[in-house]
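A short worksheet on the structure shown next.
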Amino acid sequence: MAEHTTKFAPRTGGCYCGALRYAVSGQPLVKGQCHCRPCQQFAGGGPQYFELVAPDSFDWTHGTPASFALDDLENAVTRFFCATCGTQVLTRRQDQAALVLKVGTLDDPARFRPHVAICHGDAQAFHMVPDNIPVFDGLPPRG
Ligand SMILES: [Zn+2]
Ligand SMILES: [Zn+2]
């Protein structure tokens, strides 16, 4: 049992250059991969791997992120990124309190496994989806 005691210890992460650092505690609410076109643009062509995390479980511990939202799009998401190196760390949707954390910014992303694939209607033929996880053409229905 002892080896599991660190399971819920705060995890840390940050941007490529180190100007932004954060800590996130607790269990992710959702772990998944998103295949939408903006995610492809930000991720270099692939899906983006993300965790939904509760806002009160996330703290910036160093630096202040820049942010951007399209002003001609209803319900545009706000993207939080490093103004120095450009790494995208978080997205916040207007219709949802949970934050969308980009898994690649975690110091130790090795244990991440996606449990759902979303916006797969926009997926490219070269995108990979693990076997036996639910796949949604768009966003999953609200539970
Ligand atoms: Zn940076
Ligand atoms: Zn997406």
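Quantities reported herein were computed from a predicted structural model and do not represent experimental measurements. In what follows, every heavy atom counts, from backbone to side chain, and hydrogens, waters and symmetry copies are set aside. Atoms within a ligand are numbered from 1 in the order they appear, just like the ligands themselves.
Rounding to 10°, one obtains 110° for the angle at the Zn ion (ligand 1) between SG (Cys85) and SG (Cys17).
Metal site remark for the Zn ion (ligand 2): Cys34 contributes an N, O or S atom at a distance under 2.8 Å. Counting backbone and side-chain atoms alike, Cys36 contributes an N/O/S atom closer than 2.8 Å to the Zn ion (ligand 2).
Tracing side-chain contacts under 4.5 Å through hydrophobic residues (I, L, V, M, F, W, Y), one reaches Val116 starting from Leu29; they form part of the same cluster. The cluster map of Ile, Leu, Val, Met, Phe, Trp and Tyr, joined by side-chain heavy atoms under 4.5 Å apart, puts Leu70 and Phe81 in the same cluster.
You'll find the side chain of Gln48 stays beyond 4.5 Å of the side chain of Gln41, heavy atoms only. Considering only heavy atoms from C-beta on, Thr78 stays 4.5 Å or farther from Thr91 through its side chain.
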